[in-house]
Structure formats: structure tokens, C-alpha cells
*Asks:* 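Let me give you the structure first, and then I'll get to my questions.
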Amino acid sequence: MASGNNETAPLYCGSGMDNFHTSYKNMHGYVSLVVCILGTIANTLNIIVLTRREMRSPTNAILTGLAVADLAVMLEYIPYTIHDYILTDSLPREEKLSYSWACFIKFHSIFAQVLHTISIWLTVTLAVWRYIAVGYPQKNRVWCGMRTTIITITTAYVVCVLVVSPSLYLITAITEYVDQLDVNGKVINSIPMTQYVIDYRNELMSAKAAALNATPPSTASNETVWLNVSSLMTSTTTAAPPTTPSPVVRNVTVYRLYHSDLALHNASLQNATFLIYSVVIKLIPCIALTILSVRLIMALLEAKRRRKKLTSKPLAPAASNGTKSVINGKAADRPRKNSKTLEKEKQTDRTTRMLLAVLLLFLITEFPQGVLGLLNALLGDVFYLQCYLRLSDLMDILALINSSINFILYCSMSKQFRTTFTLLFRPKFLDKWLPVAQDEMAAARAERSAVAPVLEKGRQQPQVVTATTTTNITQVTNL
């Protein structure tokens, strides 16, 4: 639209975004419901398996805290998607926008964001813990013990609630409207009944009238309506072209979640909230995860190179007179690692690769949300209406998928998780036809039992160990 200064209103997203939003919105309710149901089952199984005594480790404790947060998000999103997407066309307007539902939406906006923030920072904690285990194995038991891990998880839950909840609570409020409906149930007009909204609209109208009076008549007809763009979230504010008005059949009282009085008169509060959301909650964790993921990949490659070097059989160093060291008449070779030690190191690498997959999947879903939130804070309401709102459903489903897929990663990449899951849920009648799986489970139990005395001995007696040996001992109890 042209303004009085012959400027055009910025167009950030074109008609293609509208078409995508319209087409996807029709299926979002069903897609998100299926994802939430599967995610609820998956995260419940994660919690059951990861809390078993034989699975107890700092890494698994973090994964359990992550599963609890994801499970809560899934359970809370189910009534939201059923009401707002699946049943939205069948419910009468006064029930669809009732006061109780407005209260739930306010709770949803805070609860979902708090739990999602907890998941984000637990994922960062997981990356830090794994990097220490791989990069500084000698310090792993001291820095990342079970007590420290439990304290860190508890701190993440408490701090995220205290940081995120107040800002989201202050910028929103439940407001009352009277919607005028025609014979087809279509909204003709929406009249605010909450006093501060009425006062704010009057202020906007006064500001717009003053601007029109100060504008030459030749350009007054092109005046843009972006002044009251923020109120488009809940009601129509732009008059339609002159047509024959539809008769009002009935009035219904509805309730909506809207900007609070404090937020309407304090733009810096809104901007600060979006900056907290985009930078502190999204971008900083994503940048940290990117750096840690790169370091983990480098550590994996280094461990592979070191293992390859140690498993080779080079000749022993030459003696001082230039001859080779000889034992029992044969040249001395560097001793090779036994197969059990090598298997433990490979298991450590598999665990690291699995956690890397969790981190990378997290980055794919979270980084775009952080960028959108930052653009929203920088570009304002126009970008919010044109782009952010139209992509919100897509961002929701990506976040839900990210919270649901960890079970598949654990099963596909962690032998210990598969073994424990099989012990818990495998039907006994399968033992007759699949005895091999049972043998593998017995071997896993024996290996676990064999490692326990070593760990206990390590607590009682100081040992001189190499970095590689420490890695084996301190990480075998992880996934």
C-alpha cells in the first residue's frame, strides 16, 4: 500500500505463503494429533527404559529429564489441536471462544514455551556432558557425576520457569468481545468490551485522524492502515469496500487472548519478550550446539585415528645401540588391545554418534524458529502477520516431531537401550523361535556385571591410567 510519503508497505511474504498456510492448516490438526499420540507413547517408553537400574548413568538421567519435558508438551498439545483445529468448524462460536478456553490458551502459551525451553537447555547440557566425556575423560567422573547431573537438571527446570513465565504472563491478557453474526454464522463485526482495549482503539483512531488532517488531500486516499496492525490478531479493523451490509442475526460474547494493557503501551516490553524468545531461548543454544557438535565430530575422528594407531602392530623402538629390542629371541611388538576393550571403545563411539544425531535433529527444527523470532523482533508487526503467523503451524509440527523421534534414534543406535527394551517388553513366547536374542541379552547382563567390580575398585584404589583406559571405564555405563 502507498503511504502519504509515496512509500510502499513492505512485503516480506507473498501469496505463495498464504496458499501454503491455507492448505496446510486444514491437515495440521490431524497430523499433529497423530504425532502427539505417537510421541506420548514413545516418550513414555523412553522414561520406562532409561530409569531402569541397569541404565542408570548421567547421560541417561539427562535423556530422562528431556523425555519428561517432551511428554508434558505432547499431552498438553492434544486438547489444543483437537479444539482449535479438528473441532473448530463444528463448535458454536461462543463455545469455541469461551472464557475457559481463553484461560487454557493463556496457560498453553506459557506452559508449552516453558517446557520447550527446558528441552532446549537439557539438550545443550547433554552436548556439554558428552563433549567432556569424549574430550576430557579423566575429568568426566568429577565434573559430570550423577549428583552434579541431577542438580543441573533440577536447575534447568526451575530457572526456565522463572525466566520464561513472567514475561509471557505480562504481555497477554484475556479480553471480552461481542461478535455480531449473520445468518450463516459469519462474523460481521467484533466489538471490544474490555475497557483498556476500547481506550487503545480510541487512541489509534485519534492518531489516525490527526495524521489524515495533516496529509494533503491528493494523498489522503492512499493512507495505509498499518497503524492498528497489531489488533488484526483478534478482530478486523480495516473497513471493507462499500457493500450492502448483512443483517445482524445474533450477538455472542467471546473471549480472546490479546496484548495486555502494559504491552500495548510499552513496545519495548514486547520487543524484549521476542528477543528473549529468539536469542536466549533459540539462537544462543543453537550456536552452542553447533560448536559442540563440530567439536564432538572432531573428537570422534581423533578417537578413530588413535584406535587405528593403537590396534596396529608397529615394531618396538630401537635400542640405544641401534638394534631392536628382543624378547625370547623375537623382536618386541607393541601389545594389541584385547577385543573387549575395543568393543567398549566402539560402544562409546556409537553412543556419541547417537547423541550427535539428537543434537543435529534439534538444530534443524530449532534454528529456523530462532531466526523467525529475531526477524519478528526486528521487522515488527508487518512481518509477524505476513510470515510468522503463517509459519507457526509448520514450526509447531517440526518441534513436535523432534520431541517424538528420539525413541527411534535410541533403538536404532544404542545396543544397551534395545537390550533393556527387549527385556521389558519382548513377549516370552518369542523365546522359542528367537533364542539368539536371549543369548545376546545374557551376554549384555554378564558384561554389565563384569564392569561393576572394575568401577568399584577404581573408586577404592588410585590407579595410573592412560586417557584411553579412562575413557573405557568412565563411559561404559553410558548408553
Side-chain angles (χ1 to χ4, degrees), residues 39-72 118-119 122-123 125-134 137 140-141 143-154 156-157 340 343-359 403-428 437-456 458-459 471-479:
T40 299
I41 297 172
N43 282 294
T44 302
L45 293 176
N46 287 342
I47 295 171
I48 293 174
V49 173
L50 293 172
T51 52
R52 299 291 296 179
R53 188 170 185 176
E54 61 270 23
M55 295 289 287
R56 181 178 172 83
S57 72
T59 297
N60 290 346
I62 299 174
L63 293 177
T64 302
L66 189 62
V68 170
D70 290 340
L71 175 62
I118 292 171
S119 297
L122 285 181
T123 305
T125 304
L126 181 65
V128 173
W129 257 232
R130 199 61 197 172
Y131 176 70
I132 293 175
V134 174
N140 188 36
R141 293 184 63 82
W143 293 351
C144 306
M146 181 60 72
R147 183 173 181 272
T148 304
T149 302
I150 297 300
I151 293 174
T152 303
I153 295 171
T154 305
Y157 271 82
K340 187 175 182 180
E343 178 58 31
K344 291 175 183 177
E345 290 187 350
K346 291 179 180 179
Q347 174 64 23
T348 297
D349 289 350
R350 284 195 296 267
T351 300
T352 304
R353 286 195 294 269
M354 180 196 71
L355 298 180
L356 269 175
V358 174
L359 301 183
S403 300
S404 307
I405 205 170
N406 286 344
F407 175 78
I408 299 175
L409 293 177
Y410 301 160
C411 285
S412 61
M413 303 185 72
S414 172
K415 181 179 179 181
Q416 188 184 10
F417 187 92
R418 290 195 304 270
T419 301
T420 305
F421 178 79
T422 304
L423 282 171
L424 291 173
F425 299 105
R426 185 172 182 265
K428 294 186 178 299
Q438 193 68 26
D439 294 341
E440 291 179 355
M441 289 185 286
R445 284 171 175 164
E447 180 179 346
R448 186 79 181 185
S449 300
V451 172
V454 176
L455 296 177
E456 185 62 30
R459 297 190 188 100
T471 303
N472 298 336
I473 295 176
T474 57
Q475 293 175 356
V476 71
T477 55
N478 292 342
L479 276 173

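In this chain, residues are counted from 1 in sequence order. All values below come from the heavy atoms of this structure, side chains included, with hydrogens, waters and symmetry mates left out.
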*Asks:* Do Tyr157 and Val68 touch side chain to side chain, with heavy atoms closer than 4.5 Å?
*Replies:* yes

*Asks:* Looking at Cys144, is its backbone amide N or carbonyl O close enough to the side chain of Thr148 to form a donor-acceptor pair, meaning the two atoms are under 3.5 Å apart?
*Replies:* no

*Asks:* Could I get the full list of ring-ring contact (aromatic ring centres under 6.0 Å, His included) partners for Phe421, not counting sequence neighbours?
*Replies:* Phe407, Phe425

*Asks:* Stepwise, does the side chain to side chain contact (heavy atoms under 4.5 Å, CB included) test hold for Leu126 with Leu122?
*Replies:* CA-CA 6 Å; Leu126 181 65; Leu122 285 181; over 6 Å; no

*Asks:* Is any side-chain heavy atom of Thr51 closer than 4.5 Å to one of Met55?
*Replies:* no

*Asks:* Rounded to the nearest 0.5 Å, what separates atom OG1 in Thr422 from atom CZ in Phe417?
*Replies:* 10.0 Å

*Asks:* For Asp70, check side chain to side chain donor-acceptor pair (under 3.5 Å) against everything at least two apart and list the hits.
*Replies:* Ser119, Ser403

*Asks:* At what distance, to the nearest 0.5 angstrom, does CG of Leu71 lie from OG1 of Thr64?
*Replies:* 12.0 Å

*Asks:* Mind checking the CG-CG spacing from Leu45 to Leu424? Nearest 0.5 Å is all I need.
*Replies:* 9.5 Å

*Asks:* Taking Glu54 for the side chain and Gln416 for the main chain, is one N or O donor matched with an acceptor at less than 3.5 Å?
*Replies:* no

*Asks:* Can you measure from OG1 (Thr420) to CD1 (Ile48) and round to the nearest 0.5 angstrom?
*Replies:* 12.5 Å

*Asks:* Any sub-3.5 Å donor-acceptor pair from Asn46's side-chain atoms to Ala67's backbone N or O?
*Replies:* no

